[in-house]
Amino acid sequence: MVDQIRHMCVGINQILEQIHGFSRRCLFRVISMGPLPIHLAFIMDGNRRYAKKQDLEDGSGHKAGFSALMSMLQYCYELGIKYVTVYAFSIDNFRRKPEEVRSLMDLMLEKIKSLLDKESIVHEYGIRVYFIGNLALLSDQVRAAAEEVMQATAENSRVGLLVCVAYNSTDEIVQAVKKSCVTKLDRDMETIQLVDIEENMQMSVAPDPDILIRSSGETRLSNFLLWQTGSSQLFSPDALWPEIGLRHLVWAILNFQKSHSYFEKKKKKQM
Ligand code: FPP
Ligand code: MG
């Protein structure tokens with residue numbers, strides 16, 4: 001009897017999921033009649049506050065944050081967004097308590113490895129994964145896993161996922177300036193131009209983000225994509241990152257569409 005009830009519940013869940021999936025795809029059809037952003041960036045803030053709010057043990061907030069990220073990626077790629085960038089771990093995050101850094105890095109290692117699983121979202125959507133940041137600051141294990149995923153997905157071209165780890169914007173800019181200097185010196189050329197720095201930015205694999213979403217109601221950029229967000233629309237829903245969902249994404253895109261023609265005209269005037 002218990003088995004039969006369990007079987008029935010599984011069946012009902014599957015039907016509900018299919019209905020949700022169908023209604024979501026209908027909604028996306030309607031939304032994609034308007035202009036769609038090409039690149040969305042996320043600052044996944046509020047994971048520890050979520051754990052506290054839900055009375056969960058330390059670290060559970062970040063695990064829930066990873067699940068929220070997987071759902072968000074699914075929505076973005078279903079909708080036809082080409083690039084998603086996430087701030088997964090900043091250089092400043094290394095200053096957190098050693099136990100917390102260790103547990104975050106363990107989680108990162110486990111989740112990076114899981115991206116290579118056959119049933120992972122990476123295979124489902126043909127995602128090319130980039131890890132952006134000062135990877136030398138990571139442990140050998142985490143760096144090796146990140147490099148393996150980058151290599152394994154290098155031939156994918158449908159959509160891109162840029163995971164910023166051991167990243168901050170000022171570090172990215174300094175590294176790009178250094179590389180530009182080295183190239184100029186090697187080729188005995190003159191002063192550095194804007195284009196040299198842009199070419200050497202790690203984020204140059206994608207166009208600048210159209211929208212930057214920071215969860216948990218915070219409105220700071222926290223040294224994230226400072227070079228690339230000059231024209232991005234900022235959106236900061238009150239939801240903590242693990243609570244972020246479809247409605248927040250839809251709201252951000254509708255706002256983008258509302259002001260799209262204004263921004264396009266402004267860009268053309270600046271040209
Ligand atoms: C900020 O929340 C979030 C982080 C420091 C890490 C987020 C990382 C994940 C969700 C896992 C990502 C993994 C991969 C492989 C992409 P917080 O710790 O600052 O929380 P608070 O604002 O409530 O203190
Ligand atoms: Mg935070």
Side-chain angles (χ1 to χ4, degrees), residues 1-32 40 42-81 84 86 88-89 99-100 102-127 129 145 148-149 152-153 156 158-159 161 163 213-217 235 237-254:
M1 182 69 178
V2 176
D3 267 357
Q4 274 174 329
I5 294 177
R6 198 174 293 148
H7 212 72
M8 219 167 72
C9 289
V10 171
I12 292 173
N13 260 344
Q14 281 171 346
I15 293 170
L16 283 178
E17 266 174 36
Q18 280 170 2
I19 294 173
H20 280 155
F22 177 72
S23 358
R24 196 171 61 238
R25 279 189 292 278
C26 291
L27 174 67
F28 287 173
R29 275 249 167 127
V30 176
I31 293 177
S32 45
L40 248 70
F42 294 96
I43 301 180
M44 307 184 286
D45 199 22
N47 298 282
R48 292 182 298 189
R49 275 168 279 170
Y50 175 82
K52 222 177 222 171
K53 188 173 149 186
Q54 300 290 329
D55 214 8
L56 300 171
E57 57 182 37
D58 292 349
S60 302
H62 293 114
K63 279 186 196 145
F66 182 80
S67 302
L69 170 61
M70 290 301 111
S71 304
M72 186 54 84
L73 289 179
Q74 185 190 351
Y75 304 151
C76 289
Y77 297 134
E78 267 181 10
L79 187 51
I81 287 159
V84 175
V86 293
F89 196 86
E99 318 82 87
E100 190 184 329
R102 212 171 308 124
S103 118
L104 260 166
M105 283 299 149
D106 287 348
L107 176 73
M108 205 78 78
L109 181 63
E110 179 195 324
K111 300 303 182 193
I112 292 174
K113 282 182 171 169
S114 77
L115 294 178
L116 290 174
D117 292 346
K118 268 210 183 87
E119 58 278 8
S120 114
I121 193 164
V122 166
H123 296 290
E124 194 178 344
Y125 292 96
I127 306 174
V129 185
E148 196 185 342
V149 171
T153 62
N156 293 349
R158 270 170 63 195
V159 288
L161 169 63
V163 182
I213 300 179
R214 178 170 185 153
S215 54
S216 83
F235 182 55
D238 285 333
L240 303 171
W241 177 255
E243 297 166 342
I244 202 106
L246 182 62
R247 67 185 191 285
H248 303 105
L249 175 70
V250 169
W251 188 244
I253 291 179
L254 291 178

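Side chains are part of it too, since the values below use all heavy atoms of this structure and drop only hydrogens, waters and symmetry mates.
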Rounded to the nearest 0.5 Å, what's the gap from [atom1] on [X] to [atom2] on [Y]? Could you check?
X	Y	atom1	atom2	value
Arg102	Leu107	CZ	CG	14.5 Å
Leu104	Asn47	CG	CG	8.5 Å
Ser67	Met72	OG	CE	13.0 Å
Lys52	Leu240	NZ	CG	12.0 Å
Cys26	Ile31	SG	CD1	11.5 Å
Asn156	Arg158	CG	CZ	9.0 Å

How far apart are the closest heavy atoms of [X] and [Y], and which atoms are they?
X	Y	answer
Gly65	Trp241	O-NE1, 2.9 Å
Val159	Ile81	CG1-O, 3.6 Å
Ser215	Ala239	CB-O, 3.3 Å
Val149	Val129	CG1-CB, 3.8 Å
Glu148	Leu116	OE2-CD1, 3.6 Å
Ser114	Ser120	O-CB, 3.4 Å

[atom1] of [X]: more than 12 outside heavy atoms within 6.0 angstrom?
X	atom1	value
Asp238	CG	no
Gln4	CD	no
Glu124	CD	yes
Asp117	CG	yes

Lys/Arg-Asp/Glu bridge criterion (N-O < 4.0 Å) met for Arg48, Glu100: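 So Arg48 pairs with Glu100 through a salt bridge.
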SB check Lys63 Glu57 (cutoff 4.0 Å): no
Pair Lys111-Met70, side-chain contact (heavy atoms from CB on, under 4.5 Å): steps then yes or no: CA-CA 11 Å; Lys111 300 303 182 193; Met70 290 301 111; over 6 Å; no
Derivation and outcome, side-chain contact (heavy atoms from CB on, under 4.5 Å), residues Leu73 and Phe42: CA-CA 11 Å; Leu73 289 179; Phe42 294 96; 6.0 Å; no
Parallel, tilted or perpendicular, as decided by the 30° and 60° cut-offs, for the rings of Tyr125 and Tyr77: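 Tilted.
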Heavy-atom side-chain proximity of [X] to [Y] below 4.5 angstrom:
X	Y	value
Glu243	Lys53	yes
Ser103	Asp58	no
Arg29	Arg24	no

Polar side-chain atom of Ser60 near backbone of Leu56 as donor-acceptor pair, under 3.5 Å: no
His248 side chain vs Gly245 backbone, donor-acceptor pair below 3.5 Å: yes
Candidate pair Met44 and Leu69, rule side-chain contact (heavy atoms from CB on, under 4.5 Å), full reasoning: CA-CA 8 Å; Met44 307 184 286; Leu69 170 61; 4.1 Å; yes
Worked verdict on Val163 versus Ile112 for side-chain contact (heavy atoms from CB on, under 4.5 Å): CA-CA 10 Å; Val163 182; Ile112 292 174; over 6 Å; no
No-hydrogen, no-angle side-chain donor-acceptor test under 3.5 Å, Gln18 and Gln14: no
